[in-house]
Amino acid sequence: MANRTPVGKLLLFGATGDLAQRMLLPSLYGLHADGLLPEGLTITGTARSENSDESYRKFAKDALEKFVPKDRMDAKAIKSFLERVQYQALDATDMAHYKDLSAKVGDVAGGLAIFLSTAPSLFEAVIRGLESAGLAGETVRIGLEKPLGYDLESSREINDTVATAFPEERTFRIDHYLGKETVQNILALRFGNSFFEPIWNARGIDNVQITISETVGLEERAAYYDGAGALRDMVANHMLQLLALIAMEPPARFDGNAIRDEKAKVFRSLRLIEPQDAPRDTVTGQYGAGASGGEIVKGYIDELTKPSTTETFVAIKAHVDNWRWQGVPFYLRTGKRMPTRRSEIAIQFKPVPHSMFSNRGGLLQPNVLVIRLQPEEYVQLLVMAKEPGLDRDGIRLREVPLNLSLDAEFAGSRRRIAYERLLLDLIEGDQTLFVRRDEVEAQWTWIDAIRAGWVANDMKPKSYASGSWGPSAAIALTERDGVTWLDE
Ligand code: BG6
C-alpha cells in the first residue's frame, strides 16, 4: 500500500494495559469525537485476558471516564466511538490463536494499522503469528512501541525480526516525545525564523542543556524499569531525539526522509564516550528517601524491595563532532524523584566579545534561550537590560526575560496529547514523526559505549535524596567547565 493512504482498520496489542487506558483509548476517542478517524475504521483490541466485545467496550468506557477531561466527554460521541471497538483474546505464543484474531479483524484489503507494544521476548512469536494469519501483507503497517531492545544487539534482533514481515516503509517506531506539540515547535523556531540560524553554531553558542526531570518514582513498573534504568528509558530515545532536533542541519522539506536523514547524521556524529572518560563525562544516581511532589517518599530500593544498582538519574556531557558544534558541550540530565516535573532545553549563547559597561560597573550575563516543553509551554530569551535610574553609582544591568508563552498565545486551540497525533499519523501513513531504523541503531551504539564505560570502571549509581537535583557529582559535571545548570 502506498504511504499516506488511510487504513480502514486498527489492531491494538496490549489493549487492556496501562498505556491503552491512559493514552491510546482516550487519544482514539479524541480523534473520533473531532471527526478525524476515517469513516468506518474499526478498532480491534487484543490482549491475553478473556473479554467479550461487550465487556471490552465497558473497559474502554471506564478508561475514557477516568482519563478524558470532563469537558471533552460527550455521550453521543462515546456511544459511536464504542461501536467501532471490538475485542479478541490472544495468547501471543500460540500460533493457532492468530487465525481467530484475523477472523475478528476481517478483510484487510482496505488497509490495517497495527499498534504493537509487547515485551521484547514476544516479538518473534507475534510477527510469525501475524504473518501466518495474513496480517502482515502489503496493506498492513505496524507501529512499534518501546522498549525495542536494551542494546544495539537486541534492537537489531527485533528490527531484523520485524523486517522479515514489514519493510521499513511500513514500520513506524514510536517515540512519543516526537508527538508533543512543543517538540515540533523546535522545528518552527529554528527553521521558521531567520535570526537564530547565523548564531546557531559553535561561534554563537557556548553550551546546550537538556533536562527531563520527573517527580514520579517507580510507578508499579518495576519489572520493566529495573531492567532498563534512566539511560535506556529516557536518554536512548527521548533525550537524544531532542538533542537531534536542536543540533541537526536544516532539512530541505518537512517530510519523513528529509528530517530523519538529518537527525540520523547527528546521531552518527555523537562522540563516543570512551571507557576511560565515562567517570568524568557521566554521572549516575539512584534516589533515596526524601520528599518529592509534596509528599514523603521511600527510596528506590525500598520501593523495589530488593537490592539494585539500576540508575534512576543520569547526567552526561555529550559532544556532536561536526563543524557546526565543535567544542560545544551538550549537557543531558534526567531523573525520577526530582524537585519538579520539567522538560526543558536551555541554549546558552557566547558572551559579548567586549563589554563597554565594565568601566561603569555594569555586569553582563550571556543570553540564554529557554525552550520549556512541559508542563508549561514557552520560549524565553534572557536578555540584558538596564535598570531604570540615573546611574550615579554605576550602570546596573539585569537579565530580563523576553517571553513567548505558547499556552497564552494559542489559548483557544486544544493541545492534543502526543498519541493522538502519532496514532493518526500511523492510520494515515505519515512516517515523519516516527524513528527510522538507522536512527535507533546509531542511538544504541552511543548508549552501549556509555554502559561499557560504567562496567569497565565498575561505576555504581550514587545515592541522592528524593526531591533533589541528583547527586552532587551532576553539579560538578558542568561546574568544572564553568557552567551552571539552569535551575529555578
Ligand atoms: C516514558 C518512560 O517513555 O516516558 C517513562 O518510559 C517516563 O519512564 C515517560 O515517565 C515520560 O513521558 P512524559 O510524556 O510524561 O514526559
Side-chain angles (χ1 to χ4, degrees), residues 14 17-24 26-27 30 67 69 115-120 143-150 155 172-186 210-245 284-287 292-293 297 300 303-304 308 310-314 332-345 371-378 406-407 415-423 433-435 439-440 443-444 447 461 466 470:
D18 193 57
L19 186 70
Q21 290 180 68
R22 281 172 191 274
M23 296 289 170
L24 306 181
S27 298
F67 295 110
F115 181 99
L116 183 59
S117 59
T118 186
L144 304 173
E145 181 59 78
K146 78 182 238 270
L148 294 178
Y150 44 88
S155 116
F172 293 62
R173 290 179 200 81
I174 293 162
D175 182 318
H176 81 278
Y177 261 64
L178 294 178
K180 289 181 191 278
E181 200 67 59
T182 23
V183 172
Q184 293 158 57
N185 237 318
I186 299 172
I210 304 180
T211 296
I212 303 184
S213 62
E214 299 184 277
T215 54
V216 293
L218 202 45
E219 285 188 303
E220 292 158 24
R221 297 165 77 215
Y224 155 73
Y225 192 87
D226 197 51
L231 183 68
R232 294 187 180 108
D233 185 47
M234 297 297 286
V235 183
N237 36 62
H238 312 322
M239 296 200 86
L240 286 184
Q241 286 291 333
L242 295 181
L243 181 150
L245 294 176
T284 63
Q286 188 187 70
Y287 63 83
S292 177
V297 293
Y300 182 78
E303 252 184 278
L304 194 66
S308 165
T310 297
E311 81 286 358
T312 62
F313 172 94
V314 59
L332 314 179
R333 169 177 69 161
T334 184
K336 304 259 183 213
R337 294 289 192 221
M338 305 262 98
T340 51
R341 172 171 182 257
R342 179 203 297 173
S343 300
E344 182 176 279
I345 301 167
I371 306 171
R372 171 69 62 94
L373 307 170
Q374 63 187 28
E376 310 87 357
E377 299 178 6
Y378 62 72
L406 298 163
D407 291 317
R415 293 301 200 287
R416 296 189 179 272
I417 47 181
Y419 281 96
E420 280 185 78
R421 172 184 303 272
L422 296 177
L423 283 166
L433 298 177
F434 294 84
V435 186
E439 293 182 74
V440 177
Q443 290 174 334
W444 278 122
I447 295 289
S466 286

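Both counts, for ligands and for their atoms, begin at 1 and track the order of listing.
In terms of the salt bridge (charged side-chain N to carboxylate O under 4.0 Å, His left out) criterion, residue partners of Arg333 (sequence neighbours excluded) are, by chain and number, Asp487. Arg421 pairs by the salt bridge (charged side-chain N to carboxylate O under 4.0 Å, His left out) definition with Glu181, not counting sequence neighbours. Listed by chain and number, the residues in a salt bridge (charged side-chain N to carboxylate O under 4.0 Å, His left out) with Glu145 amount to none (sequence neighbours excluded).
Residues of the protein with a heavy atom under 4.0 Å from ligand 1 are Lys146, His176, Tyr177, Lys180, Glu214, Arg221, Asp233, Met234, His238, Lys336, Arg341, Gln374, listed by chain and number.
By the 4.0 Å N-to-carboxylate-O rule, Glu439 lies too far from Arg173 to be salt-bridged with it. The residues Asp18 and Arg221 are annotated as not salt-bridged, no charged nitrogen and carboxylate oxygen being separated by less than 4.0 angstrom.
Remark: Arg337 is positioned above the aromatic ring of Tyr287, its terminal NZ or CZ atom under 6.0 angstrom from the ring centre and at most 45 degrees off the axis.
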